[in-house]
**Student:** 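First the structure, then my questions, so here it is.
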Protein chains: 2
Amino acid sequence: MRAPTDRQPAPETRDRILDAAEALFVEHGFEATSMRMITGQAGANIAAVNYHFGTKDALIQEVFRRRLTELNRRRLAALDRLEAEAGGAPLKPSRIVQAFFGTALEMAADTTNGGHTFMRLLGRTYTEPNGFVRQFLAEEYAEAVERFLAALYRALPDVPRDEILWRFHFMMGAMSYAIAGTDALQLFAGQFDDADPERLMPRLMSFLLGGLRAPLPGAENNGEEPAGPAKRGARTAARKD
Amino acid sequence: MRAPTDRQPAPETRDRILDAAEALFVEHGFEATSMRMITGQAGANIAAVNYHFGTKDALIQEVFRRRLTELNRRRLAALDRLEAEAGGAPLKPSRIVQAFFGTALEMAADTTNGGHTFMRLLGRTYTEPNGFVRQFLAEEYAEAVERFLAALYRALPDVPRDEILWRFHFMMGAMSYAIAGTDALQLFAGQFDDADPERLMPRLMSFLLGGLRAPLPGAENNGEEPAGPAKRGARTAARKD
DNA sequence: CCATGAATCAAACGATTGTTTTAATCATAC
DNA sequence: GTATGATTAAAACAATCGTTTGATTCATGG
């Protein structure tokens, strides 16, 4: 009676709990969301969580696992497709970025199946203090990050790998805010006249690619004293497309 | 006996509590940090927090207030300086970005006075679910955001304001990850060979400016099908420097 | 029709939460 | 030295936390 059957899809209580937990985690965070809030919203008994998942931490993990596995599967499928088309040649950075971040944005645009809810949760979880959540995320992401970084290294052989790594990191931050911030961050109160999610994708893509292809630091033409307009021949990271 | 004196700087217990709370909030988050953990690390009695601050929420607010007021004061001072130098002319976008994000990175580089600790906390708090924290942040930021956005609008008159707003938003995301991620995000496990904080500033600045000046979306040369390398005359957001 | 095991239920578990109370201690001014 | 008010201290407050228990319901196959 300890472990529920795992060959059957399980009726529905289990899924209702996952959905409720996902929504409540977004709204209140992990710690501030109690088991009673979850089971209450799911219309289940308080003991149902421990019965189906064992512990609260295990529930959190499962909330992430079911979506994250799918997200990274799609990402890797998109990358596979690109590499198959290219036939051994290095990929265009813009395509790589599109495959990784565009796929995430597509999931975030799905408001009917909970994808939107989850992506908001995911965005704020990258920086979550909770230790075991971070480690779990790292494991789930390991393969995808490794392959996409390798693709970027190949695509930008002249850019130092440290630089690519950092910029990939920056891009993840921008994407997280893009998703989480649409409704979460009211720092720019009343300023978002146009929060059309339709336009978010091209907006973010332009920004990400601009950052990725920015002139490398160290070249003294950047940042501090950029004397005149648009120096020609400025040292640039990526002009592969 | 209810309200402590507010004309005296107060001895030190109050500050020890703030420092302990700041450090513990970074490590565990707000909810997972108990009053007993705070007072324990501060070497104070459990009742000291409620005596000095009234409530846990008020303590959280004070942790942010004391640093955030200073940070935004410096930001606005830097902007004042730029505008004084320019004498009425629009500013260079790179200078504006430097004044806003560079000032934050400088505070994050201060590892001796808790600035580093706080900036890590701040970065992950922008997306905090906790309602009253977000509202408090919005109020503390209102003036600085308003003035910097206005400066960017003037600096980039040809760029739609919505676009500037979004890119400012993206930049905040990238910066948050830049600070919080150095130690928090181990997603790229073992990959950060060069996490030298000295180099973080120019790296982030290059990325932010690249994103800010990226070609605007909508122009069909961007993102999806960028046929050839580096189209000349591509529509670009900002080439003021 | 009954046996079997999964699923649900109400109720309680001990532990920990933020906060309060009441008394003791401390410093300072008269 | 004694009064005054700020600070600290120990102890307890009710409330809520995640989890467990043991009984009951339900579905299914022999």
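Every chain is numbered from 1, with letters handed out A, B, ... down the list of sequences.
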**Student:** In whole Å, I'd like the distance from the CG atom of A/Asn50 to the P atom of C/dA7.
**Tutor:**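 The answer, rounded to whole Å, is 15 Å.
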**Student:** Just call it for A/Thr39: base, sugar-phosphate, or nothing, with non-hydrogen atoms closer than 4.0 Å on any strand.
**Tutor:**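 Contact class for A/Thr39: none.
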**Student:** Using a cut-off of strictly less than 4.0 Å, decide whether B/Thr13 has a side-chain nitrogen or oxygen near OP1 or OP2 of D/dT7.
**Tutor:**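 False: B/Thr13 side-chain N/O out of range (4.0 Å or more) of D/dT7 OP1/OP2.
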**Student:** Using whole Å, what does the distance between atom P of nucleotide C/dT17 and atom CD1 of B/Ile46 come to?
**Tutor:**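 The answer, rounded to whole Å, is 9 Å.
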**Student:** I'd like a table of donor-acceptor pairs (distance under 3.5 Å, sequence neighbours excluded) in which one partner is a side-chain atom from residues 36-49 of chain B, with atom names and distances.
**Tutor:**
| from | atom 1 | to | atom 2 | distance (Å) |
| --- | --- | --- | --- | --- |
| B/Thr39 | OG1 | B/Met35 | O | 2.9 |
| B/Thr39 | OG1 | B/Arg36 | O | 3.4 |
| B/Asn45 | OD1 | B/Ala47 | N | 2.9 |

**Student:** Ignoring the backbone of B/Ala47, work out which of C/dT20, D/dG18, C/dC9 is nearest its side chain.
**Tutor:**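 Closest of the options to the side chain of B/Ala47: C/dT20.
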**Student:** Would you mind reading off the distance between B/Ile38 atom CD1 and C/dT19 atom P, rounded to a whole angstrom?
**Tutor:**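 It is 10 Å, rounded to the nearest whole Å.
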**Student:** Looking at the side chain of A/Arg36, which of D/dG18, D/dA12, C/dA6 is the nearest nucleotide?
**Tutor:**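 The closest nucleotide is D/dG18.
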**Student:** Between A/Phe207 and B/Arg167, is there a cation-pi geometry (under 6.0 Å to ring centre, at most 45° from the normal)?
**Tutor:**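 No - B/Arg167 does not lie over the ring of A/Phe207 by the 6.0 Å and 45° rule.
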**Student:** Rounded to whole angstroms, how far apart are NZ on B/Lys56 and C1' on C/dG18?
**Tutor:**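 My rounded result for the distance is 8 Å.
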**Student:** By nearest atom, which of the nucleotides D/dT8, C/dA6, C/dT19 is closest to the A/Tyr51 side chain?
**Tutor:**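 Given the options D/dT8, C/dA6, C/dT19, the side chain of A/Tyr51 is closest to C/dA6.
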**Student:** Quick one: B/Ile60 CD1 to C/dT19 P, roughly how many Å, whole number?
**Tutor:**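 My rounded result for the distance is 9 Å.
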**Student:** Return no unless some side-chain N or O of B/Thr55 is found under 4.0 Å from OP1 or OP2 of C/dG18.
**Tutor:**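 Answer is no, no contact under 4.0 Å.
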**Student:** What is the distance from CG of B/Leu24 to P of C/dT17, rounded to the nearest Å?
**Tutor:**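 Computing the B/Leu24:CG to C/dT17:P distance gives 12 Å.
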**Student:** What's A/Ala48 touching, base or sugar-phosphate or nothing? Going by heavy atoms closer than 4.0 Å.
**Tutor:**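 No contact at all - A/Ala48 keeps every heavy atom at 4.0 Å or more from the nucleic acid.
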**Student:** Please determine whether a side-chain nitrogen or oxygen atom of A/Ser34 lies at a distance below 4.0 Å from atom OP1 or OP2 of D/dT16.
**Tutor:**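 For D/dT16, neither OP1 nor OP2 has a side-chain N or O of A/Ser34 closer than 4.0 Å.
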**Student:** In terms of side-chain heavy atoms, does B/Thr112 have a donor or acceptor partner in B/Asp110 at a distance below 3.5 Å?
**Tutor:**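 On atom types as modelled, these side chains qualify, holding a pair under 3.5 Å.
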**Student:** Take a 6.0 Å sphere around CD of B/Glu143 and say whether it holds more than 12 heavy atoms from other residues, nucleotides or ligands.
**Tutor:**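 No - once you tally the heavy atoms of other residues, nucleotides and ligands closer than 6.0 Å, there are 12 at most.
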**Student:** Nearest-Å distance, CZ (A/Phe53) to P (C/dA7)?
**Tutor:**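 From A/Phe53 CZ to C/dA7 P: 11 Å.
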**Student:** In terms of the angle between their ring planes, are B/Phe136 and B/Phe64 parallel, tilted or perpendicular, with boundaries placed at 30° and 60°?
**Tutor:**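 Correct class here is perpendicular.
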**Student:** Separation of A/Asn45 atom CG from D/dT25 atom C1', in whole Å?
**Tutor:**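 Checked: the CG to C1' distance equals 13 Å.
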**Student:** B/His52 side chain N/O closer than 4.0 Å to the phosphate oxygens (OP1, OP2) of D/dT8?
**Tutor:**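 Yes, B/His52 has a side-chain N/O under 4.0 Å of OP1/OP2 on D/dT8.
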